[in-house]
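Chain naming here is simple, since letters A, B, ... match the order of the sequence lines and numbering starts at 1 in each.
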2 protein chains.
Amino acid sequence: MQPTGLSKADQAHQHVLKGITTGHYQPGDRLVLSTIADELGMSVVPVREAIRRLQTDNLVQFERNVGATVTGIDPVEYRHTMETLALTEGYSTAQCAPLVTQETLEKARGINEQMRALVAHDFAPEKFTELNEQFHSALFEHHQNPHILDLVHRGWNRLAALRSSTFSFVPSRAISSVAEHEELLKLIADGAEFSIIESAARNHRLNTLHAYLDHHAKSTTIDF
Amino acid sequence: MQPTGLSKADQAHQHVLKGITTGHYQPGDRLVLSTIADELGMSVVPVREAIRRLQTDNLVQFERNVGATVTGIDPVEYRHTMETLALTEGYSTAQCAPLVTQETLEKARGINEQMRALVAHDFAPEKFTELNEQFHSALFEHHQNPHILDLVHRGWNRLAALRSSTFSFVPSRAISSVAEHEELLKLIADGAEFSIIESAARNHRLNTLHAYLDHHAKSTTIDF
DNA sequence: TACCTGCAAATCGTATACGATCTGTAGCAG
DNA sequence: CTGCTACAGATCGTATACGATTTGCAGGTA
């Protein structure tokens, strides 16, 4: 075999992570160690390690002597995740702004135009969310602080796992989102100062969150 | 035995974490699974899990088929850690500000006075750092978002592990620090708005970082 | 019917055993 | 003396086996 193929624990990690993000494992599903081990043709030990890694990312809940379940779409959890992402991504975007090249700027504009077209014609929440991630990735991906970059990635992973794309529930938010993207790009292109860009990027995400919360408040009586 | 004592993996985790924060394990030390397992009278499996957990917190570095070492005092890592903590703690402090009770405020003032006394009389960096953590904990501990609170805690853990208390290298920073604490308390007591408190708390930590960087730049020729 | 008791199945937690990989060193060739 | 090779020790990676805990259900009792 290859001298440095991934360790089995890594394989298991990727497998389960993919299963969660693609929706093969639905929130609430149980993740039985032995079952997954059989599927991958390995013993339970590496699988166990993979599950625990996912646990620290809050992608699965783990109860001792009972087992692991995929973390559910708890509205409270959604709020916490979005808030954390607003914080980290906002900072990250602001700090990367001076480093954004003309080329990257163009790329981001292109993605945003695709999003605009999608909104106008046949809106598909999943595709929109995917483009949305690409758009933001382009703006923060070159962050110099690996810790913060890692936090941003974890946030996106968690959102993907929740599959609770706000745009599914609140399509109208997509329009504002595209407009805010354009504004953000303008700020970056103009070389706006750090705090301006940070709060723009942060509020952009918080606005999406609030759109969801407003929508949710109308469809349930439970206040959270 | 107790029906639900900690699992051995948890015991191992706590043991090694404590070893790192207390300095029993120094940065750069190797953490050999079998050795630790013997010390704790358990097999290597739980120890392995504990080490990997510490790895995701960036407290140890792990190389496949080689082993784990305690993360060293890399100035670059220190900067990244402090920057991340500035971000998360600043936000956390700002969001908790409206919830801070009169009682908590008094407690924080008391701690800060102890710090002031320490600076005036026999300055001890370790004690000062400990009080510093207590001071800030009081202000953010009731944060509603567990994700962010967790990030703050991880930051502090990492700092404790690095043991690279800025105040050891730059004692003069301690004086400014106490003054900034007082300012921060005043802002909270006066009910200053969110962004004011956030940037005050963030900059307070960044100032400590910069004090360290300036000091370090003078004592080495390596620019980073 | 409602509730308690006890057993059995499922599942996780850990120990032990063995194979895989890396690192350092001793020995040999040039 | 220098550089390469081969071997031995150390350490991790994983499989297998067994014990511990939880859960659910069946059966009995009030």
Between B:D29 (CG) and D:dT11 (P), how many Å, whole number?
14 Å
Between side-chain atoms of residues 36-43 of chain A and protein atoms elsewhere (two or more places apart, or another chain), which donor-acceptor pairs fall under 3.5 Å?
from	atom 1	to	atom 2	distance (Å)
A:S43	OG	A:V45	N	3.2

Here the distance between atom P of C:dC12 and atom CG of B:D10, to the nearest Å, is 16 Å
Straight-line distance of A:H13 NE2 to A:K18 NZ, nearest 0.5 Å:
13.5 Å
Which word best sums up how the rings of B:F135 and B:H181 line up, parallel for under 30°, tilted for 30 to 60°, or perpendicular for over 60°?
parallel
With B:H147, the side chain to side chain contact (heavy atoms under 4.5 Å, CB included) member among B:D150, B:L149, B:L151, B:N145:
B:N145
Roughly how far apart are A:I148 CD1 and A:E89 CD, rounded to 0.5 Å?
12.5 Å
Check the distance between D:dC12's P and B:Q61's CD and give it to me in whole angstrom.
15 Å
Determine, for B:K107 against B:E103, whether the closest basic-nitrogen to carboxylate-oxygen distance falls under 4.0 angstrom.
no
Distance check needed: D:dG13 P versus B:E63 CD, whole Å only.
11 Å
Within the side chain of A:R173, is there an N or O that forms a donor-acceptor pair under 3.5 Å with the backbone of A:Y212?
no
Grab the N/O contacts between the protein and nucleotides 6-11 of chain C below 3.5 Å, and write none if there aren't any.
none

Considering only heavy atoms, which members of residues 44-60 of chain B lie under 4.0 Å from some atom of DNA chain D?
B:R48
How many Å lie between NZ on A:K8 and C1' on D:dT16, as a whole number?
13 Å
Would you kindly check if the NZ (Lys) or CZ (Arg) of A:R52 is within the cone defined by 45 degrees around the ring axis of A:F62 and under 6.0 Å from the six-membered ring centre?
yes
